[in-house]
Amino acid sequence: NAGVTQTPKFRILKIGQSMTLQCTQDMNHNYMYWYRQDPGMGLKLIYYSVGAGITDKGEVPNGYNVSRSTTEDFPLRLELAAPSQTSVYFCAAHRGRLSTDTQYFGPGTRLTVL
Amino acid sequence: GENVEQHPSTLSVQEGDSAVIKCTYSDSASNYFPWYKQELGKRPQLIIDIRSNVGEKKDQRIAVTLNKTAKHFSLHITETQPEDSAVYFCAATYRLSSNTGKLIFGQGTTLQVKP
């Protein structure tokens, strides 16, 4: 049981390039989230999903897209990378309602856009 | 609005002393309040959480208290050790839809425990 895994661990992009950050969980959890953490700051919600086929925007969705074709996978897509997207990205998952179930984080992807 | 305020931003204590970090939240409907510890370059790790039907919860040297009337909750670490040095984040749930919510995080507290 690996929990929540993310790839890659590190990536450097040039302005205007695109990439997909991968997130996979093997806990069969319904709810998945993408956060970004800027240096010295807390986490901001980008997108979330309550189950396969259902996604919605969080606090800072601009410049990102997501899909949820399976329960296990929740990839985050950057289409036109900008320096403002330099951050550490965390994926998280939990089984049911947050009021009753713990949210688990993946190890993170450190992205630099130059 | 959706807001969690966390204080202090930095905290330095001597080994063996206690440390207290406080958070306030804005939504009276929030009902779940986790605390995360994040070491440098690592993911946030849940260390303790409290749900709105209790006022205090303890786990060895760590305790969390909740005051729903005042909309604040606090993390207490007793007998601090150098390995407690890290960034600590509080969070509170805010409703997204009828069947899920999101966590709003505080700005973080950098705790330094001096040997």
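Bear in mind the structure is a predicted one, so any value in this text is a computation, not a measurement. Proteins get letters first, then strands, A, B, ... in listed order; numbering begins at 1 in each. Computed from heavy atoms alone, side chains included, the values below leave out hydrogens, waters and symmetry copies.
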After noting the C-alpha distance and the side-chain angles of A:F105 and B:Q38, does the key distance pass the side-chain contact (heavy atoms from CB on, under 4.5 Å) rule? CA-CA 11 Å; A:F105 284 87; B:Q38 188 177 32; over 6 Å; no

Select one option (side chain, backbone, both, neither) describing which atoms of [X] are under 4.5 Å from chain A's heavy atoms.
X	result
B:P44	both
B:Q45	neither
B:F33	neither

So does [X] have more than 12 non-hydrogen atoms from other groups sitting under 6.0 Å from [atom1]?
X	atom1	answer
B:E79	CD	no
A:I12	CD1	no
A:Y64	OH	yes
B:K68	NZ	yes
B:Q14	CD	yes

Minimal non-hydrogen separation, B:R43 against A:G106, with atom names: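 Heavy atoms only, the tightest pair is CB-O, 3.1 Å.
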
What is the distance from atom CD of A:Q103 to atom OG1 of B:T93, rounded to the nearest 0.5 Å?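 Between A:Q103 CD and B:T93 OG1, I get 10.5 Å after rounding to 0.5 Å.
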
Pairwise distance OH(B:Y32) to OG1(A:T102) - rounded to 0.5 angstrom: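 These two atoms lie 4.5 Å from each other.
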
State, with a plain yes or no, whether a side-chain heavy atom of A:Y33 is found less than 4.5 Å away from one of B:L103.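 A:Y33 vs B:L103: side chains apart.
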
Should A:Y47 and A:V50 be counted in the same cluster of Ile, Leu, Val, Met, Phe, Trp and Tyr side chains packed under 4.5 Å apart?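 In one cluster: no.
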
In this structure, would B:I21 and B:V64 fall into the same cluster of hydrophobic residues linked by side-chain contacts under 4.5 Å?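 Per the 4.5 Å side-chain linkage, B:I21 and B:V64 are co-clustered.
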
Intermediate values then yes/no, side-chain contact (heavy atoms from CB on, under 4.5 Å), B:F89 and A:Q37: CA-CA 12 Å; B:F89 291 98; A:Q37 185 178 30; 3.3 Å; yes

Portion of A:L43 that has a non-hydrogen atom of chain B nearer than 4.5 angstrom: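 For A:L43, the contact with chain B is made by backbone and side chain together.
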
